[in-house]
Enquirer: 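What follows is a single structure, and I will ask about it in a moment.
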Amino acid sequence: MLALTRKKGETVVLNNNIEVTILEIRGDQVKLGVSAPREVPIYRKEVYLQIQKENQEASSADSLDALKKLF
């Protein structure tokens, strides 16, 4: 993991086309702004993990059996 120190208004560039800017620092919260091409999905990690979990559950054998019963 790369750890960086940034101040309000400073930016980090990822992969030449994604910019992460520190918008605000208030106590223990940091507000980030992300500029990226539309085709780049951006999720909070807890949302991303939930999506992955639901995708795995949807592709399980039990789900396929339930789907087959519908038709």
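Note that this is a predicted model, so its numbers are computed, not measured.
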Enquirer: So how far is it from Q52 CD to Y43 OH, rounded to the nearest 0.5 Å?
Expert: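 Output value for this atom pair is 9.0 Å.
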
Enquirer: Check whether any side-chain heavy atom of Y48 sits under 4.5 Å from a side-chain heavy atom of R44, and report yes or no.
Expert: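 Answer no - side chains too far apart.
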
Enquirer: Cluster question for you: counting only ILVMFWY and a side-chain heavy-atom cut-off of under 4.5 Å, with indirect links fine, are L49 and I51 together?
Expert: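 Yes; I51 is reachable from L49 via cluster members.
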
Enquirer: For K8 and L23: C-alpha separation, side-chain torsions, deciding distance, then whether side-chain contact (heavy atoms from CB on, under 4.5 Å) applies.
Expert: CA-CA 6 Å; K8 182 179 174 183; L23 300 177; over 6 Å; no

Enquirer: With a 6.0 Å cut-off (strictly less than), is the heavy-atom count around CD of E46, excluding the residue itself, greater than 12?
Expert: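 Yes, because the 6.0 Å sphere around CD of E46 holds more than 12 heavy atoms from other groups.
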
Enquirer: Can you hop from V40 to V13 via hydrophobic side chains spaced under 4.5 Å?
Expert: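 V40 and V13: separate clusters.
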
Enquirer: For the residue pair V20 and T11, establish whether any side-chain heavy-atom pair is separated by less than 4.5 Å.
Expert: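 Answer no - side chains too far apart.
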
Enquirer: In terms of hydrophobic clustering (I, L, V, M, F, W, Y; side-chain heavy atoms under 4.5 Å; direct or indirect links), are L4 and I18 co-clustered?
Expert: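 Same cluster: L4 reaches I18 through Ile, Leu, Val, Met, Phe, Trp or Tyr contacts under 4.5 Å.
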
Enquirer: Of all heavy-atom pairs between V12 and R6, which one has the smallest distance, and what is that distance?
Expert: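 Result for this residue pair: CG2-CD, 3.5 Å.
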
Enquirer: Hey, does I22 have a side-chain heavy atom less than 4.5 Å from the side chain of V30?
Expert: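 When only atoms from C-beta onward are counted, I22 and V30 do touch, with a gap below 4.5 Å.
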
Enquirer: Starting at CZ of R26, measure out to NZ of K31 and round the result to the nearest 0.5 Å.
Expert: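 Here the rounded value is 7.0 Å.
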
